[in-house]
Amino acid sequence: MNTIDIERLKECRLKLGITKQEAAKRIQISQPAYLRYEAGTRQPSVQTIEKIAEVFSTSADYLIGKTSEATIDRTIIEKDKTPSLFLLAETCKNFNEAQLERLLAYANKMSEIESSSHKN
């Protein structure tokens, strides 16, 4: 059975700057359950570890100590949650590197414009 590393669990929560209560809310579990996970008195299920990893922007492997790399190297885009982003990813998956770089540059420029419009 995979056991969660309580120090890494706490580290990830603190990195987000959220309380234990907020962590429980985001993971969609009860606060007492989360408190027991972080205290090490209870182990979450594999599914809950996956959800915690998703919420904390890390990998389940990091949380259970299989890897020392805290950052994730993949993103899951769910069609029903973000259909436009899903369609964009589907459209671009056959692009060559030059096309992807141009698209990324365009997206970065759009992000800059959006950020500067909120400052004004």
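Sequence positions, counted from 1, serve as the residue numbers for this chain.
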Give me the other members of the hydrophobic cluster that I27 sits in, counting Ile, Leu, Val, Met, Phe, Trp and Tyr linked by side-chain heavy atoms under 4.5 Å, directly or via other members.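 Taking Ile, Leu, Val, Met, Phe, Trp and Tyr as members, I27 shares its hydrophobic cluster with I4, L9, L16, I18, I29, Y34, Y37, I49, I52, V55, F56, L63, I64.
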Linking Ile, Leu, Val, Met, Phe, Trp and Tyr through side-chain heavy atoms less than 4.5 Å apart, which residues share a cluster with V46?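 Grouped by the 4.5 Å side-chain rule, V46 forms a cluster of one, so the answer is none.
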Without placing hydrogens or testing angles, list every side-chain donor-acceptor pair under 3.5 Å for residues 102-111, not counting sequence neighbours.
unit_1, atom_1, unit_2, atom_2, d
N108, ND2, L104, O, 3.3

I'd like to check the salt bridge (Lys or Arg N to Asp or Glu O under 4.0 Å) partners of E97; sequence neighbours left out, ordered by chain and number.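 Partners of E97 under the salt bridge (Lys or Arg N to Asp or Glu O under 4.0 Å) test: none.
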Name all residues meeting the salt bridge (Lys or Arg N to Asp or Glu O under 4.0 Å) criterion together with E7; count only those two or more places apart in sequence or in a different chain, and write none if there are none.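 Residues passing salt bridge (Lys or Arg N to Asp or Glu O under 4.0 Å) with E7: none at all.
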Would you say R42's side chain and A33's backbone share a donor-acceptor pair under 3.5 angstrom?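 Side chain of R42 to backbone of A33, a donor-acceptor pair under 3.5 Å: no, none is there.
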side-chain contact (heavy atoms from CB on, under 4.5 Å) involving [X] - partner list, sequence neighbours excluded:
| X | value |
| --- | --- |
| T91 | L87 |
| N96 | A98, Q99 |
| E78 | I76, D80, K81 |
| S84 | none |

Pairs meeting criterion salt bridge (Lys or Arg N to Asp or Glu O under 4.0 Å) with involvement of residues 51-64, two or more places apart: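 As it turns out, there is no salt bridge (Lys or Arg N to Asp or Glu O under 4.0 Å) pair with a partner in residues 51-64 once direct neighbours are skipped.
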Output every pair passing salt bridge (Lys or Arg N to Asp or Glu O under 4.0 Å) with a member in residues 22-32, not counting sequence neighbours, ordered by first then second residue.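 Output for this query lists E22-R26.
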Search all heavy atoms of [X] against all heavy atoms of [Y] and return the closest pair with its distance.
| X | Y | result |
| --- | --- | --- |
| R13 | A23 | CD-CB, 3.9 Å |
| I6 | E38 | CB-O, 3.6 Å |
| A53 | S59 | CB-C, 3.6 Å |
| C12 | T58 | SG-CG2, 4.0 Å |

If we only count heavy atoms from C-beta on, is the P44 to E50 side-chain gap below 4.5 Å?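 No, too far: nothing below the 4.5 Å cut-off.
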Residues in side chain to side chain donor-acceptor pair (under 3.5 Å) with K93, at least two apart?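 Listed in chain order: E90.
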